[in-house]
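Presented below is the structure to which this report refers.
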Amino acid sequence: ENCEDLSGTQESKMVLDPQKAVLWFATKEMKRDKQLKDYIGKNEKTKVVVKLSTLGGGPPVREPVLSEDERKHLMLAEHRRKEEMKRLMEDSEDTYLNQDWACNKQLAQSLQGVKNVSWKPR
């Protein structure tokens, strides 16, 4: 009752004996005589990830914080940011002074109407 016949399947190799199985939570072995609330408290909204392993097998391997694709994407974004910062640092800080809008006499000339006056004959 409440058992499935897994003989001859790959899943049959993954079945653990209940007496030799150990639950792990937050790299701590959960004891059989303690309740779940002893480990996580009384908050009913807490997501709990518990791993099952064999007795004496030690804690299961920790999962990476970032997946391989997320890590590659993060490294690419960081590389782009560093290249942009390097390019900005190499760029001269005074390049804006050659622009039209940076001329300190432009406002006065435009208000007086003498912006493009040439005193030389053409």
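Computed over heavy atoms, backbone and side chain alike; hydrogens, waters and symmetry mates excluded. Everything numeric here is computed off the predicted structure, so don't read it as measured data.
- Taken to the nearest 0.5 Å, the OG atom of Ser53 stands 13.5 Å off from the NZ atom of Lys20.
- Around CZ of Arg80, the count of heavy atoms belonging to other residues, nucleotides or ligands within 6.0 Å does not exceed 12.
- Checked against side-chain hydrogen bond (donor to acceptor under 3.5 Å, both in side chains), Gln35 has no partners two or more places apart in sequence or in another chain.
- Put simply, Leu23 and Leu55 are part of two different groups of oily side chains (I, L, V, M, F, W, Y) that touch within less than 4.5 Å, one to the next.
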Audit row: Leu52, Val22, side chain to side chain contact (heavy atoms under 4.5 Å, CB included) steps and yes/no: CA-CA 6 Å; Leu52 187 64; Val22 178; over 6 Å; no
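- Between Lys34 and Tyr39 the shortest heavy-atom distance is CD-OH, 3.7 Å.
- With sequence neighbours excluded, the residues forming a side-chain hydrogen bond (donor to acceptor under 3.5 Å, both in side chains) with Arg87 are Glu84, listed by chain and number.
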Step-by-step side chain to side chain contact (heavy atoms under 4.5 Å, CB included) determination, Trp24 to Val50: CA-CA 6 Å; Trp24 289 85; Val50 179; 5.9 Å; no
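- Taking hydrophobic clusters as Ile, Leu, Val, Met, Phe, Trp and Tyr residues chained together by side-chain heavy-atom distances below 4.5 Å, Val49 does not share a cluster with Phe25.
- Side chains of Leu36 and Met30 form a contact here, defined as non-hydrogen atoms less than 4.5 Å apart.
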